[in-house]
Amino acid sequence: QEEKFAHDEL
Amino acid sequence: NIFRILGDLSHLASIVILLRTVQKTRQVDGISLKTQLLYVLVFCTRYLDLLTFRWKSVYNTLMKMVFIGASVRVIQLIQECKTRNAVAYKDMMARDTFQIKYLVGPCAILALVFNYKFTVLELCWSFSLWLESVAILPQLFMLSRSGKAGTLTTHYIFALGLYRALYIPNWIWRYYTEGRLEKLSVFTGLLQTALYSDFFYIYYKKVIKGAGFELP
């Protein structure tokens, strides 16, 4: 779950 | 969401303030080269995913490129100052004495312990989060030793701190609307904001209330 979001912020 | 956009914009503003002022005045007074070098390392290790071409959005991709480019440009400008204004450059180097190996080493270890996957990309990403949270320390160390800061430094650090502070309501927002809770970012982000909080307090007291800027 966390990995899915991991790189979508700056 | 609004917090994230404003956060990214103040992050961008901090770099633009720094770039424009150094470009215009040819002064690096009060700026820590070590902190700036750490930011180049932060951006290069964090945005390695640009190379995988699994891009999130135009906005996300462009901002990543801008941040890498701008951080490299800051270093270039500081180096130009070396020839143009050797005295100021030497003075800056003499005061920029924080040992960055004490930051880079522990951050590398923390990245090995806390990560989502044991791959180069994920390890670098985690390393960049830890490093960003402490990258301002050489700059704050320089400030606290000299006790005085120019408007460039204070505005630069204020905009950077604002960016970090705005990411906190962004995470709360995303937790409630998307169920997103990304522990590594949140923890390192809170750590970074904590490092800035002392600075914020002094900024509020001195700059907003109109007195000169001095750190104890």
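Proteins come first, then strands; the chains are lettered A, B, ... in the order of their sequence lines, and each starts at number 1.
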Quiz item: Taking the six-membered ring of B/Y167, is the NZ or CZ of B/R164 close enough (under 6.0 Å from the centre) and on axis enough (within 45°)?
Solution: yes
Quiz prompt | Portion of B/W55 that has a non-hydrogen atom of chain A nearer than 4.5 angstrom | solution = neither
Quiz item: Taking every heavy-atom pair that is under 4.5 Å apart, which of B/R54, B/E132, B/R4 has the most such pairs with chain A?
Solution: B/R4
Practice problem: Kindly give the heavy-atom pair with the smallest separation between B/A165 and B/T193, and that separation in Å. | Solution: CA-CG2, 4.2 Å
Self-check item: B/Y163 and B/H11 aromatic ring geometry - parallel, tilted or perpendicular at 30°/60° bounds
Solution: parallel
Quiz item: Given a strict heavy-atom distance threshold of 4.5 Å, which part of B/F67 is in contact with chain A: side chain, backbone, both, or neither?
Solution: side chain
Self-check item: Aromatic ring pairing B/W130/B/F114, orientation class (parallel under 30°, perpendicular over 60°, tilted between)
Solution: tilted
Quiz item: Which bit of B/D49 comes within less than 4.5 Å of chain A, counting heavy atoms only: side chain, backbone, both or neither?
Solution: side chain
